[in-house]
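Notes to accompany the following structure.
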Amino acid sequence: MAKKETLFLTRTEALEAICRDFRQYDPQIMLFCQIIRLIFGGDIVAKREEQKNGAWISLPGRRDMRWMDGAEMVEYLCDSLDSDLSVSLVASICARVFQTRASVEVDSATGQEGVSIETGMEDFTCRQCGQCCRTLDYQREVIEKDVALWEELGRSDILRWVGVFTGESNKKSYRIWTTPGTTEFAEGCPFLKRISSENRSVCMIQDVKPGICRQYPSSRKHAVMTGCPGFKGSRFKG
Ligand code: SF4
Ligand code: SF4
């Protein structure tokens with residue numbers, strides 16, 4: 001059996017990761033209810049309205065229901081995640097949010113207590129469907145380190161598709177992929193090649209692709225929530 005891949009987060013890092021998760025995806029209303037119940041105890045009732053981005057919520061200890069839109073729900077949850085929560089409670093919240101096993105662990109290097117989270121990545125196999133390359137919003141995620149590597153390797157074939165923008169204090173930012181000689185985004189990634197006869201898509205710059213591409217997906221949940229089929233028979237629903 002493959003060894004489980006785990007990630008150690010301090011309590012603060014775990015709380016930040018939970019907030020990031022809620023900000024990243026559409027309102028996760030049932031998950032929101034589970035977590036609020038874990039933190040405050042008591043019953044919480046949520047009623048959705050069709051095609052609306054939010055829900056009627058009755059919070060623990062309150063009988064009235066009030067409308068919370070998705071953004072308000074996220075902020076309410078993040079405000080409730082204060083640093084006084086015990087590490088074991090934070091681990092329970094992580095298990096629900098990241099849909100995996102999470103437990104309290106002590107970092108052997110620092111002696112600090114934190115949360116060990118199973119990423120589930122040992123079960124991942126890229127199906128080379130190219131879905132992530134075609135549909136995800138990675139255009140603003142290229143970083144200076146990626147560009148520096150391409151410059152060092154003299155990869156002008158890649159650099160010509162990188163948009164360079166100069167902001168305040170001459171700080172540069174980058175975009176991928178822009179049509180050479182313009183600041184317009186290209187239609188899709190120029191390095192994605194479809195091999196129809198084999199029903200797969202390949203990356204033509206696999207060895208030097210941007211970090212954002214290398215890091216995808218970062219977890220089983222990330223894959224499931226963004227439509228990646230790399231986890232066969234995934235147990236989880238978004
Ligand atoms: S969506 Fe998932 S399986 Fe498909 S190419 Fe991207 S990483 Fe691979
Ligand atoms: S660089 Fe490679 S991995 Fe990244 S979007 Fe293009 S084809 Fe996909």
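Note that ligands are numbered from 1 as they come in the structure, with each ligand's atoms numbered from 1 the same way. Keep in mind the model is a prediction, meaning the values are calculated, not measured.
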Legend entry - Atom CE of M204 with >12 non-hydrogen neighbours under 6.0 angstrom: no
Legend entry - Distance-only side-chain donor-acceptor flag, N199 / Q128, under 3.5 Å: no
Inset, instruction - For ligand 2, would you mind listing the residues that have at least one heavy atom less than 4.0 Å away, ordered by chain and number? - result: C133, Y138, W177, C189, F191, L192, C203, I205, K209, P210, C213
Inset, instruction - Would you verify whether the NZ or CZ of K52 falls within 45 degrees of the ring axis of W67 while also being under 6.0 Å from that six-membered ring's centre? - result: yes
Inset, instruction - Find out whether the Lys NZ or Arg CZ of R220 is both under 6.0 angstrom from the six-membered ring centre of F124 and within 45° of the ring's axis. - result: no
Inset, instruction - Verify the neighbour count for atom CD of E187: are there more than 12 heavy atoms of other residues, nucleotides or ligands below 6.0 Å? - result: no
Inset, instruction - Output, in order, the C-alpha distance, side-chain angles, deciding distance and verdict of side chain to side chain contact (heavy atoms under 4.5 Å, CB included) for Y25 and R20. - result: CA-CA 9 Å; Y25 304 118; R20 258 201 315 279; over 6 Å; no
Legend entry - C228 neighbourhood, listing ligand 1 atoms whose heavy-atom distance to it stays under 4.0 Å: 1 (S), 2 (Fe), 3 (S), 7 (S)
Legend entry - Numbered atoms of ligand 1 (with element) below 4.0 Å of P229, judged on heavy atoms: 1 (S), 2 (Fe), 3 (S), 4 (Fe)
Legend entry - C78: partners by disulfide bond (SG atoms under 2.5 Å apart), with sequence neighbours left out: C19
